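Values in this document were obtained by computation on a predicted structure and should not be read as measured data. Each ligand, and each atom within it, is numbered from 1 in the order the structure gives.
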Amino acid sequence: MTAIIPLSELRERIDAIDQQILQLINRRAECAIEVARTKMAEGETGSFYRADREAQVLRKIKELNPGPLSDHASVHLFRELMSACLALEKPLEVAFLGPVGTFTQQATFKHFGHAVKGIPVATIPEIFLAVETSHCQFGVVPVENSTEGVIAHTLDRFMTTSLQICGEVEIRVHQNLLGKMDNLAAINEVYSHQQSLAQCRQWLNTYLPGVPCTAVSSNAEAARLASLDHNKAAIAGLMAAELYELNIIEQHIEDESNNTTRFIVIGKQQPASTGLDKTSILVSTGNQAGALHKILGPFAEYGISMAHIESRPSRQGLWEYVFFIDIDGHRDDPDVAKALETLQNNVKMLKILGSYPKAVI
Ligand SMILES: O=C(O)C(=O)C[C@]1(C(=O)O)C=C[C@@H](O)C=C1
């Protein structure tokens, strides 16, 4: 059996290592400041954030991690380190679906780290507008939930915007029943966003039968309302419970244990290829026979995997649909470029919504 090392000695070791880490992370920060000077000298006037480079740094950390720290923990530490380095270069402002305490805010911090300045915005169209008008450099919007399907507001806005998708982030969504009360019997109304109410429908029917459920603009707004009345409860995330000082009456009340929401990052940048990317496109075929075949053919021909396909009414002709499609690969990868070129000739309209690195964390 190995000898037990006295606590005082171990703490001395930790203090010495901390000192070295501190020096090293500051050397890294100095490099980031130099990077900013170079970017400015090269004429960069917009954001200094680089989605492709960040994905590469985080993937490398995963690959090199010798343990015993988990890959997850190591990647999160470096996520925050890069976020702080970028804030030294030039602070980043990101619009998210507010108010504070929403899952979209959680997704924003997960993707950009906590040194980013998150700006809460009331609606999805206003997030697009904040980025289009350069009030914020990026925006984060929900795009689909594994239980409830796509977020139509987000997809529809892509038909008209010139913004690009620059990244994706997934959040395992755990819903909680929150309130000022401490038992279910005291609850006479439940507030939440309509998506969250839908994600907890069975639980609500079982444990709060007959109690009215009211949809409000966000989970955080539901928590705020619940904080004003001892008989009203909210369904929201734990961040909202903390923010509005609510009791957690019941945790993890979502009907699907794998309940996950996918968010996308929108901006004016086009990330470079990293070797592990996705491309999102919007396609319209008009109301013609064999439409789907014309779309899928080029991807099959060039061996491109399709991750997702979703149809929405085009709002132009009766029974005309547009397709939102996610494929594996970057628009600059030769096979993807050839498939997109062939597709362009097969359809009425093709819009590339963006090529971006696959989520790392
Ligand atoms: O490599 C860059 O372009 C940097 O700005 C440095 C750095 C980093 O800290 O590693 C910081 C922010 C960018 O989003 C990507 C990487």
Side-chain angles (χ1 to χ4, degrees), residues 18 20-66 69 71-96 104-119 127 130-131 134-141 163-171 263-280 330-332 354-361:
D18 282 351
Q20 288 178 27
I21 294 175
L22 190 63
Q23 274 165 9
L24 283 174
I25 60 179
N26 276 294
R27 273 176 54 196
R28 190 187 194 287
E30 280 163 13
C31 267
I33 293 171
E34 278 307 310
V35 166
R37 277 168 35 86
T38 304
K39 283 180 187 166
M40 272 190 286
E42 287 175 351
E44 176 62 76
T45 51
S47 160
F48 287 6
Y49 169 79
R50 295 290 178 272
D52 43 348
R53 173 66 184 157
E54 294 214 346
Q56 279 161 345
V57 170
L58 297 179
R59 282 178 197 148
K60 192 93 200 161
I61 294 299
K62 250 189 193 171
E63 196 185 307
L64 296 178
N65 179 32
L69 270 189
D71 288 356
H72 178 83
S74 309
V75 164
H76 274 84
L77 286 172
F78 276 82
R79 164 62 289 160
E80 290 305 328
L81 181 54
M82 259 198 303
S83 184
C85 285
L86 179 64
L88 283 178
E89 289 187 36
K90 195 178 190 183
L92 193 63
E93 291 192 331
V94 179
F96 68 86
T104 320
Q105 183 183 27
Q106 201 180 318
T108 304
F109 287 145
K110 185 176 178 192
H111 187 79
F112 288 100
H114 283 74
V116 73
K117 186 166 183 222
I119 312 282
I127 296 177
V131 186
S134 300
H135 279 91
C136 291
Q137 292 118 320
F138 294 96
V140 178
V141 286
L163 295 177
Q164 291 281 302
I165 302 179
C166 320
E168 60 168 1
V169 49
E170 279 188 2
I171 295 276
F263 298 83
I264 48 174
V265 180
I266 49 173
K268 292 178 179 167
Q269 268 185 12
Q270 293 191 9
S273 169
T274 68
L276 269 177
D277 305 287
K278 262 189 197 172
T279 296
S280 299
H330 192 281
R331 73 212 297 180
D332 293 341
S355 288
Y356 49 92
K358 286 188 183 176
V360 185
I361 51 176

Could you tell me whether Glu168 and Lys278 have a side-chain N and a carboxylate O separated by less than 4.0 Å?
yes
With a 3.5 Å distance limit and no angle check, can you tell me whether Asn26 reaches the backbone of Leu24 through a side-chain donor-acceptor pair?
no
Proximal atoms of ligand 1 relative to Cys85 (non-hydrogen, under 4.0 Å)
9 (O)
Residue and atom name of the nearest protein heavy atom (relative to atom 9 (O) of ligand 1), distance in Å to one decimal:
Arg28 NH1, 2.8 Å
Which residue in the set Glu44, Lys90, Glu34 passes side-chain contact (heavy atoms from CB on, under 4.5 Å) when paired with Lys39?
Glu44
Can you name the atoms of ligand 1, numbered from 1 with element, that are less than 4.0 Å from a heavy atom of Lys39?
2 (C), 3 (O), 4 (C), 5 (O)
What atoms of ligand 1 come within less than 4.0 Å of a heavy atom belonging to Val35?
2 (C), 3 (O), 4 (C), 5 (O)
Heavy-atom distance to atom 12 (C) of ligand 1: which of Glu34, Glu54, Arg50 wins?
Glu54
May I ask you to check whether Ser134 and Lys268 show a side-chain donor-acceptor distance below 3.5 Å?
yes
Closest protein heavy atom (residue, atom, distance) for atom 16 (C) of ligand 1
Arg53 CG, 3.8 Å
In the protein, which heavy atom is nearest to atom 5 (O) of ligand 1, and how far is it?
Glu89 OE2, 2.6 Å
Within the structure provided, determine whether Arg331 and Gln270 are in side-chain contact (heavy-atom separation under 4.5 Å).
yes
Where does the angle between the aromatic ring planes of Tyr49 and Phe138 fall among parallel (under 30°), tilted (30 to 60°) and perpendicular (over 60°)?
perpendicular
Under 4.0 Å from a heavy atom of Met82: which atoms of ligand 1 are those, numbered in the order shown and with their elements?
8 (C), 9 (O), 10 (O)
For Tyr49, take its heavy atoms, then give the atoms of ligand 1 lying under 4.0 Å from any of them.
14 (O)
Minimum side-chain heavy-atom gap Val140-Ile264 below 4.5 Å:
no
With a cut-off of 4.0 Å, which atoms of ligand 1 are near a heavy atom of Leu86?
12 (C)
